[in-house]
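Okay, so here's the structure we're looking at.
Values in this document were obtained by computation on a predicted structure and should not be read as measured data. Below, each value reflects all heavy atoms present in this structure, side chains not excepted, and no hydrogens, waters or symmetry copies.
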Amino acid sequence: SPDLTVEDDQDTLAARYNDLFVVGYSEVIDGTDGTIDSQGPPVSLYESAYRSEVSWNDVNLDLARAYEFFGVEIDQDDRRHHDHVRLELEFAGYLCRVAAAVDDDAERARLDFHDRHLTVLLSGLRDALDEEPGTSVYGRLASFLAAFASADVDDLAERLQVGAGSRHDDGETS
């Protein structure tokens with residue numbers, strides 16, 4: 001596991017979190033007519049940001065169906081979309097508990113969830129943080145999460161006897 005200790009105080013950590021994940025960037029291009037160039041935060045916490053080949057709607061609809069199939073739903077007071085990193089990590093943990101307690105088929109669902117969603121999100125998050133300077137604890141945590149998910153996929157594939165060639169490099173299963 002990574003060293004997640006920091007010397008920064010809570011205000012500094014919160015400011016850096018906002019810099020990376022919350023606050024976008026705006027630059028005045030033409031002061032005479034008010035033209036600005038505005039971008040979202042440099043690092044997205046949403047899977048759909050790392051899926052140029054799939055629409056936002058398709059990603060979130062697929063996740064909503066997966067959550068519903070396993071009897072979970074997003075708290076309506078929570079304003080996050082289905083593809084937020086926190087929700088996907090919680091769902092992966094939930095699938096682990098379901099597999100351990102009652103349903104061996106949940107391991108296959110977990111492997112599918114990794115391949116279709118979580119691995120894409122965590123790899124994208126890690127890569128985006130690698131491109132940013134001074135990510136500190138956030139960069140170390142993202143690298144750990146991506147490595148942990150990869151190890152979980154390898155373990156699941158071995159235990160489920162998913163042979164070579166049944167999983168493609170792009171995360172699709174056959």
Side-chain angles (χ1 to χ4, degrees), residues 16-26 37-100 103-132 135 137-157 159-160 162 165-174:
R16 189 59 181 137
Y17 180 90
N18 287 335
D19 263 356
L20 290 168
F21 307 112
V22 179
V23 180
Y25 171 78
S26 295
D37 178 26
S38 183
Q39 300 175 0
V43 180
S44 177
L45 295 175
Y46 294 91
E47 176 193 341
S48 54
Y50 306 108
R51 303 288 302 265
S52 60
E53 78 289 355
V54 181
S55 74
W56 176 91
N57 192 56
D58 288 345
V59 170
N60 281 277
L61 185 59
D62 190 48
L63 286 165
R65 288 177 179 154
Y67 298 164
E68 183 180 325
F69 181 82
F70 281 94
V72 297
E73 61 185 39
I74 295 176
D75 183 348
Q76 295 304 307
D77 294 333
D78 191 348
R79 307 256 326 167
R80 292 180 177 91
H81 298 291
H82 293 78
D83 65 333
H84 189 275
V85 66
R86 191 193 97 211
L87 298 176
E88 289 197 26
L89 287 170
E90 285 181 16
F91 185 62
Y94 176 75
L95 289 177
C96 288
R97 291 188 302 279
V98 168
D103 186 359
D104 291 336
D105 290 336
E107 286 191 336
R108 288 200 180 279
R110 197 165 99 227
L111 182 58
D112 182 61
F113 178 67
H114 270 297
D115 284 345
R116 294 169 53 131
H117 294 287
L118 192 57
T119 298
V120 174
L121 171 58
L122 296 178
S123 295
L125 184 62
R126 179 200 57 219
D127 294 347
L129 282 164
D130 282 350
E131 293 178 12
E132 289 296 312
T135 59
V137 67
Y138 302 114
R140 293 191 306 268
L141 182 57
S143 292
F144 170 73
L145 288 172
F148 186 85
S150 178
D152 193 35
V153 167
D154 291 346
D155 178 66
L156 283 167
R159 285 190 291 122
L160 296 171
V162 177
S166 62
R167 288 191 8 227
H168 304 286
D169 292 336
D170 62 1
E172 294 294 321
T173 57
S174 55

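Closest approach of Leu45 and Leu121 over heavy atoms only: O-CD1, 4.1 Å. Between Tyr67 and His82, the closest heavy-atom pair is OH-O, 2.8 Å. Considering all non-hydrogen atoms of both residues, Pro42 and Leu20 come closest at CD-O, 3.4 Å. The nearest pair of heavy atoms linking Asp115 to Val120 is O-CG2, 4.3 Å. The two atoms that bring His81 and Tyr46 nearest to each other are N-CE2, 3.8 Å, heavy atoms only.
The salt bridge (Lys or Arg N to Asp or Glu O under 4.0 Å) test applied to Arg126 returns no partner, not counting sequence neighbours. Remark: Ala49 pairs with Ser44 by the side chain to side chain contact (heavy atoms under 4.5 Å, CB included) rule, at least two apart or across chains. Judged as a side-chain hydrogen bond (donor to acceptor under 3.5 Å, both in side chains), and not counting sequence neighbours, the contacts of Asp152 are Arg110, His114. Residues satisfying the salt bridge (Lys or Arg N to Asp or Glu O under 4.0 Å) criterion with Glu90, sequence neighbours excluded, are Arg86. Remark: Ser48 pairs with Asp83 by the side-chain hydrogen bond (donor to acceptor under 3.5 Å, both in side chains) rule, at least two apart or across chains. With sequence neighbours left out, the side chain to side chain contact (heavy atoms under 4.5 Å, CB included) criterion links Arg97 to Tyr94. The salt bridge (Lys or Arg N to Asp or Glu O under 4.0 Å) check on Asp155 picks up Arg159, with sequence neighbours excluded. Not a single ring pair (Phe, Tyr, Trp, His ring centres under 6.0 Å) links Tyr50 to another residue, sequence neighbours left out. With sequence neighbours excluded, the residues forming a salt bridge (Lys or Arg N to Asp or Glu O under 4.0 Å) with Glu47 are Arg51, listed by chain and number. Applying the side chain to side chain contact (heavy atoms under 4.5 Å, CB included) test to Ser55 and every residue at least two apart in sequence or in another chain returns Asn57, Asp58.
Here the straight-line distance linking atom CG of Leu118 with atom CG of Asp112 works out to 12.0 Å at 0.5 Å rounding. Rounding to the nearest 0.5 Å places OH of Tyr17 at 14.0 Å from OG1 of Thr135. Distance check: Leu111 CG to Leu160 CG gives 6.0 Å after rounding to the nearest 0.5 Å. To the nearest 0.5 Å, the span separating CZ on Phe21 from CZ on Arg16 amounts to 8.5 Å. Note: Leu63 CG to Phe91 CZ = 8.0 Å, rounded to the nearest 0.5 Å.
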Could you tabulate the donor-acceptor pairs under 3.5 Å formed by side-chain atoms of residues 137-151, not counting sequence neighbours?
from   : atom 1 : to     : atom 2 : distance (Å)
Tyr138 : OH     : Leu13  : O      : 2.8
Arg140 : NE     : Asp3   : O      : 2.7
Arg140 : NH2    : Asp3   : O      : 3.3
Arg140 : NH2    : Thr5   : O      : 3.1
Ser143 : OG     : Gly139 : O      : 3.2

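Within the structure, salt bridge (Lys or Arg N to Asp or Glu O under 4.0 Å) contacts touching residues 59-72 (residues at least two apart or in different chains) are Asp62-Arg116.
Heavy atoms from other residues, nucleotides or ligands lying under 6.0 Å from CD of Gln76 number 12 at most.
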